[in-house]
Amino acid sequence: RPIGVFDSGVGGLTNVRALMERLPMENIVYFGDTARVPYGVKSRATIEAFTAQIVGFMLQHDVKALVIACNTIAAVAGHKVRQTAGNMPVLDVISAGAQAALEATRNNHIGVIATNTTVNSNAYAREIHRHNPAARVRSVACPLFVPLVEEGWLDHEVTRLTAREYLKPLLAEDADTLVLGCTHYPLLKPLLRREAPGLTLVDSADTTAEAAARALQKHGLLNDGTGGPPDYRFYVSDIPLRFQTIGERFLGRSLQQVEMVTLG
Ligand code: DGN
């Protein structure tokens with residue numbers, strides 16, 4: 001049985017990439033709501049309704065675990081997904097990222113960069129404070145990073161200047177850890193490392209894959225590999241212009257088996 005991974009668009013493929021590396025035996029079904037992206041500007045009710053449809057689609061694929069790859073979905077609809085999933089392990093980028101940040105920080109001062117909706121939801125700060133009420137959290141919305149990453153400007157002067165501007169308030173304080181709270185940001189790691197060499201970067205794709213590995217092990221759900229090579233299936237609600245190029249950049253390998261489906 002596969003792991004179900006879903007996102008508002010292509011960005012969640014950074015999570016698929018991390019899962020493929022961490023759990024190379026596992027089958028994966030991915031759904032990206034490319035027809036309705038971005039979720040970052042939509043209301044809570046709409047995001048919850050879309051998410052319920054996606055979870056329904058995942059359950060039709062008989063998934064054994066769910067990974068909420070989208071920070072925006074995790075921020076506003078994570079609890080609904082858990083209600084629907086029952087006993088099935090549900091991992092999400094915010095829980096995993098918050099925990100990894102707390103493990104990484106030495107001075108309990110954590111920076112979070114994310115989309116506007118994720119920052120406004122305060123979900124990272126809430127999750128961090130649930131574990132450690134004394135931690136200081138400084139969140140900065142970096143909306144321009146999503147289009148810059150999709151444009152492929154990963155090492156471009158414009159992106160560098162944008163990063164410098166966004167990171168200013170974080171660098172002015174003494175945060176020692178920075179959570180990359182959006183599916184797109186792991187692609188900016190090399191640039192961010194150069195611009196903020198003093199910050200430990202927390203890549204929520206990697207930390208979610210690690211959490212998924214632990215959860216599957218705990219529930220006795222790890223695939224032993226006897227069924228042959230893993231099967232990867234990618235479903236999207238639209239195949240937009242440049243989907244293949246952008247998707248492959250996120251996935252880090254060729255993107256095959258992509259099928260279009262309509263939900264709802
Ligand atoms: N996948 C979204 C996130 O991680 O917040 C970014 C894309 C979007 O919906 N705006």
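Remember, it's 1-based here, ligands and their atoms both numbered in the order they're listed. No experiment lies behind these values; they were computed from the predicted model shown.
- Ring-centre distance between Tyr235 and Tyr30: not below the 6.0 Å cut-off.
- Under the 4.0 angstrom criterion for non-hydrogen atoms, Gly9 is not in contact with ligand 1.
- No part of Val41 comes within 4.0 Å of ligand 1, judged by heavy-atom distances.
- Looking only at distances, a side-chain donor or acceptor of Arg126 sits under 3.5 Å from a matching main-chain atom of Ser121.
- For Phe57 and Phe6, the ring centers are positioned 6.0 Å apart or more.
- Considering backbone and side-chain N/O of His184, none are found under 3.5 Å from N/O of ligand 1.
- Looking at atom 8 (C) of ligand 1, its nearest protein heavy atom turns out to be Ser8 OG, 3.7 Å.
- Counting heavy atoms only, Asp7 comes closest to atom 1 (N) of ligand 1 of the residues Ile94, Val146, Asp7, Ile47.
- When heavy-atom distances to ligand 1 are checked against a 4.0 Å cut-off, Thr72 comes that close through both its backbone and its side chain.
- Set against the non-hydrogen atoms of Tyr39, the atoms of ligand 1 under 4.0 Å away are 9 (O).
- Aromatic rings from Phe250 and His184 are positioned such that their centres are separated by under 6.0 Å.
- Counting protein heavy atoms only, atom 10 (N) of ligand 1 is closest to Pro38 CB, 3.5 Å.
- Between the side chain of Lys168 and the backbone N or O of Arg164 there is no donor-acceptor pair closer than 3.5 Å.
- A side-chain contact (heavy atoms from CB on, under 4.5 Å) with Leu148 is found for one member of Leu191, Leu154, Thr159 and no other, namely Thr159.
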